[in-house]
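To keep things clear, I will list the structure first and then write my remarks on it.
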Amino acid sequence: QVQLVESGGGLVEAGGSLRLSCAASVRSLGNYGMAWFRQAPGKEREFVARISWSGGSIAYTDSVKGRFTITISRDNAKATVYLQMNSQKPEGTAVYYCAAARGRTAGPYDYWGQGTQVTVSA
């Protein structure tokens with residue numbers, strides 16, 4: 001069983017930045033594809049970004065692709081995945097979850113964190 005713990009959420013003004021972290025209860029994340037999802041109030045959970053175990057394959061949701069506002073990265077030795085969010089807008093307000101897929105680059109995801117709240121004020 002892998003436990004994932006997100007941190008780094010909070011309140012940020014529009015245009016500001018946050019870096020979310022997801023720490024896993026394993027010695028290394030080298031065998032896990034990792035991803036971030038988010039769920040805004042009243043909406044379904046949606047995919048944000050994913051990264052392969054090596055970091056060589058990265059994908060983002062279309063709404064952030066090409067804008068360089070969100071960057072996913074990982075440090076396998078620290079068993080931690082990050083989500084750097086810049087130039088945030090109020091529509092970025094959501095609970096952000098990280099997820100892990102054992103032995104796969106993408107889903108389905110086997111493990112989920114409890115989420116961290118991000119609130120972007122106008």
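Follow the hydrophobic side-chain contacts under 4.5 Å out from V5 and you never reach L20; the two are in separate clusters. V26 and Y109 sit in two unconnected hydrophobic clusters of ILVMFWY residues. Membership requires side-chain heavy atoms under 4.5 Å apart, directly or through other members. Residue V81 is grouped with residue I58 when hydrophobic side chains (ILVMFWY) are merged at heavy-atom distances under 4.5 angstrom, including chains of intermediate members. W112 and Y82 fall into different hydrophobic clusters, where Ile, Leu, Val, Met, Phe, Trp and Tyr are joined by side-chain heavy atoms under 4.5 Å apart, directly or via other members. Under a hydrophobic-cluster definition in which Ile, Leu, Val, Met, Phe, Trp and Tyr are linked whenever side-chain heavy atoms come within less than 4.5 Å, directly or via other members, V95 and F37 are assigned to the same cluster.
Although no hydrogens or angles enter the test, the distance criterion places no donor-acceptor pair under 3.5 Å between the side chain of T93 and the main chain of E91. In this structure, E6 contributes its side chain and G115 its backbone to a donor-acceptor pair below 3.5 Å. R45 contributes no side-chain N or O that, together with a main-chain N or O of Y97, makes up a donor-acceptor pair within less than 3.5 Å. Judged purely by atom type and a 3.5 angstrom limit, Q88 has no side-chain atom pairing as donor or acceptor with the backbone of G92. Checked by atom type and distance alone, the side chain of T61 never pairs as donor or acceptor with a backbone atom of V48 at under 3.5 Å.
S28 meets the side-chain contact (heavy atoms from CB on, under 4.5 Å) test with N76; sequence neighbours excluded.
Proximity of R74 to C22: side-chain heavy atoms (C-beta onward) are nowhere separated by under 4.5 Å. Contact of the T71 side chain with the L83 side chain is not registered, since no non-hydrogen atoms from C-beta on lie closer than 4.5 Å. Contact annotation: the side chain of L4 approaches that of V2 to within less than 4.5 Å [non-hydrogen atoms, C-beta and beyond]. Between V118 and V120 the shortest side-chain heavy-atom distance falls below 4.5 Å.
The structure places CE of M34 at 5.0 Å from SG of C98, a figure rounded to the nearest 0.5 Å. Note that the NZ atom of K43 and the CZ atom of R38 stand 9.0 Å from one another [nearest 0.5 Å]. Note: R104 CZ to W53 CH2 = 16.0 Å, rounded to the nearest 0.5 Å. Atom CD1 of I51 sits about 12.0 Å away from atom CH2 of W36, to the nearest 0.5 Å. For the atom pair Y32 OH and T105 OG1, the distance stands at 14.5 Å (nearest 0.5 Å). In this structure, CG in D110 is found 9.5 Å from CD in Q1, a value given to the nearest 0.5 Å.
Nearest heavy-atom pair, F47 versus A59, reported as atom, atom and distance to 0.1 Å: CZ-O, 3.6 Å. A101 and P108 get closest at one heavy-atom pair: CB-O, 3.7 Å. G56 approaches S52 most closely through the heavy-atom pair N-OG, 3.3 Å. Nearest approach of T80 to S21, heavy atoms of both residues: CG2-CB, 4.2 Å. For the residue pair S17 and S87, the shortest heavy atom distance occurs at OG-N, 4.2 Å. Annotation for L29 and A24: closest pair CD2-CB, 3.7 Å, computed over non-hydrogen atoms.
Shown here is Q3, whose CD atom has no more than 12 heavy atoms of other residues, nucleotides or ligands within 6.0 Å. The 12-atom threshold is exceeded at CD of E46, counting heavy atoms of other residues, nucleotides or ligands nearer than 6.0 Å.
Judged by distance alone, the side chains of Q84 and N86 do bring a donor and an acceptor atom under 3.5 Å apart.
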Chi angles and distances behind the side-chain contact (heavy atoms from CB on, under 4.5 Å) call for M85, Y96: CA-CA 11 Å; M85 303 191 294; Y96 285 73; 3.7 Å; yes
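The side-chain tip of R102 does not point at the ring of Y111 from less than 6.0 angstrom away and within 45° of straight on.
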